[in-house]
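Only one structure is covered here, and it is reproduced in the block below.
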2 protein chains.
Amino acid sequence: MPLQYKIKIPKSTIDRMPLYHRCLSIMEENGITETSSQVLGLRVGVDPSVIRKDLAWFGELGKRGVGYNVPYLRQAIAEALGLNKDWPIILVGAGKLGSALADHNQKYVKHFQLVGIFDRDPAKHGRQVGGLTVRPMEDLPGVVKEHNVKMAMIAVPAKEAQAVAHVLVKAGIKGILSFAPISLSVPEDVLVYNSDYHLDLQRMAYFIDNRFDGGVG
Amino acid sequence: MPLQYKIKIPKSTIDRMPLYHRCLSIMEENGITETSSQVLGLRVGVDPSVIRKDLAWFGELGKRGVGYNVPYLRQAIAEALGLNKDWPIILVGAGKLGSALADHNQKYVKHFQLVGIFDRDPAKHGRQVGGLTVRPMEDLPGVVKEHNVKMAMIAVPAKEAQAVAHVLVKAGIKGILSFAPISLSVPEDVLVYNSDYHLDLQRMAYFIDNRFDGGVG
DNA sequence: AGTTGTGAAGGCCTTCACAGCG
DNA sequence: CGCTGTGAAGGCCTTCACAACT
């Protein structure tokens with residue numbers, strides 16, 4: 001639909017775009033209307049020329065000699081990332097982490113709306129978590145179909161995660177954000193992102209022991 | 001102390017090493033004693049030649065024509081990453097997310113031992129979270145000094161995170177794992193990693209809308 | 001025969017420098 | 001004059017192909 005003809009945008013660019021978007025949202029809330037690649041770069045910790053190259057993939061979004069209009073740029077990025085529609089998501093696992101995620105999601109996360117929470121454990125069924133009722137796994141495919149859900153979060157113990165992933169794939173989920181500390185195996189057309197702070201602790205440990213530089217945006 | 005003379009190892013290699021370590025730990029628990037770059041690659045979703053190149057930075061850890069000895073390799077990686085010592089860590093923020101982290105950390109995370117939990121809110125002081133007592137922020141510098149803490153986790157609202165980061169830096173912390181959805185500004189010699197699943201949701205959203213390929217290990 | 005370790009080739013991304021515009 | 005947008009240069013990492021070794 002956009003003007004661009006499906007040119008392949010670098011993965012690293014896509015990795016940074018949400019950072020820009022978040023920063024611009026904050027600026028917008030604070031009433032800042034104009035910015036530059038330099039200011040933005042300082043705030044997100046990215047080199048200005050990288051930012052300009054990144055944004056260039058999506059068109060000429062700034063004005064030479066002037067800079068970028070904050071609301072316009074934020075909107076353009078939201079468009080590029082597909083954030084202007086609402087994404088229904090589901091969560092599997094209503095334990096401590098799952099509950100914290102659900103609560104947090106309801107409060108702070110826009111455009112990714114939880115439409116279902118599921119757990120294998122019958123004792124948890126019927127509980128209210130993050131404004132939703134925990135339901136049995138059997139209900140999952142129906143909810144996915146009904147809301148046309150494409151993304152799911154997994155917050156179950158490591159040993160159950162792969163089985164849950166299978167259920168999700170079978171239900172038609174195309175993106176999985178896993179909080180379980182294992183590598184999931186899924187078909188090629190399904191995306192898996194892992195959120196595992198333990199791995200980050202280990203990486204930090206290395207860089208602290210071997211101080212060159214480092215850090216992550 | 002190791003043989004190597006502080007050669008700069010690619011950041012991407014270090015990013016993957018904890019993945020290998022985790023996979024090898026699981027294999028070791030399951031009594032698997034031998035493996036190969038191919039098998040390991042399948043399990044962690046990384047190309048075998050990448051794995052061999054990565055491991056080569058740390059010496060000749062395998063046997064040609066045979067493969068790798070699982071416990072030996074795991075141990076070598078642990079050594080390389082600095083995981084053979086215990087890393088005392090602290091946590092700031094005893095809300096829902098902080099509590100979930102503390103509980104999880106106590107149960108599952110080895111070698112990163114929580115030695116202090118802090119919160120600004122007096123109402124939370126004295127509470128038991130993850131086997132520790134929540135303490136006021138004033139106690140933080142003392143605990144850092146006493147245990148020689150180098151790493152900290154931040155699980156406070158976005159608006160408080162930068163202030164907390166300042167306190168941590170002042171106390172001598174060298175690595176911060178932040179769960180707050182902002183970019184922290186810290187001195188050059190302090191590492192910041194962000195764990196923000198919201199950004200991952202946005203990245204996934206893009207790749208689902210524009211399916212080329214993608215995914216993250 | 002089979003798998004590692006590694007130099008060379010290739011590709012992707014960042015850095016640089018400046019042309020292009022406001 | 002200032003900042004963006006962008007081609008060219010450079011660097012880092014991955015991919016490839018194979019020699020080295022068990």
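A, B, ... follow the sequence lines: proteins, then strands. Residue 1 opens every chain.
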With distance as the sole criterion, do the side chain of A/R64 and the base of C/dG20 form a donor-acceptor contact below 3.5 Å?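 Result: at least one qualifying N/O pair found.
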
Quick one: [X] [atom1] to [N] [atom2], roughly how many Å, whole number?
X	N	atom1	atom2	value
A/Y68	C/dG22	OH	P	15 Å
A/K53	C/dA17	NZ	C1'	11 Å
B/F58	C/dT6	CZ	P	14 Å
B/Y72	C/dT4	OH	C1'	14 Å
A/R52	C/dC18	CZ	P	14 Å

Minimum heavy-atom distance between B/I173 and B/V190, given as atom pair plus value: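 Nearest pair, atom of B/I173 first, then B/V190: O-CG2, 3.8 Å.
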
How is A/L61 classified with respect to the nucleic acid when contacts are heavy atoms under 4.0 Å: base, sugar-phosphate, or nothing?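 Sugar-phosphate: the residue A/L61, judged by heavy atoms under 4.0 Å, touches backbone atoms but no base.
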
Could you tell me whether B/T13 contacts a base, only the sugar-phosphate backbone, or nothing, with contacts defined as non-hydrogen atoms closer than 4.0 Å?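 If one applies the 4.0 Å heavy-atom cut-off, B/T13 turns out to touch nothing in the nucleic acid.
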
Find the distance between CD1 (A/I154) and CG (A/L101) and round it off to the nearest 0.5 Å.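 So the gap between those two atoms works out to 12.0 Å.
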
Output the distance between atom CG (A/L55) and atom OH (A/Y20), rounded to the nearest 0.5 Å.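 Rounded to the nearest 0.5 Å, the CG-OH separation comes to 6.5 Å.
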
So, does A/D47 use its side chain to make a donor-acceptor pair with the main chain of A/S49 at under 3.5 Å?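 Indeed, once roles are kept as given, a pair shorter than 3.5 Å links the two residues.
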
Please find the earliest and latest nucleotides of DNA chain D, in the 5' to 3' direction, that have an atom within less than 4.0 Å of any heavy atom of chain A.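 Listing 5' to 3', DNA chain D meets chain A from D/dG2 to D/dA8.
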
If only side-chain N and O atoms of B/S36 are considered, is one of them under 4.0 Å from the OP1 or OP2 phosphate oxygen of C/dT3?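 Looking at the OP1 and OP2 atoms of C/dT3, neither is under 4.0 Å from any side-chain N or O of B/S36.
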
Of A/R16 and A/V66, whose nearest nucleotide on DNA chain C comes first from the 5' end?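 It is A/R16 whose nearest nucleotide is closer to the 5' end.
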
B/H104/A/F179 aromatic ring centres below 6.0 Å: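 No, ring centres 6.0 Å or more apart.
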
Hey, does A/M27 have a side-chain heavy atom less than 4.5 Å from the side chain of A/R43?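 Yes. Closest side-chain heavy atoms under 4.5 Å.
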
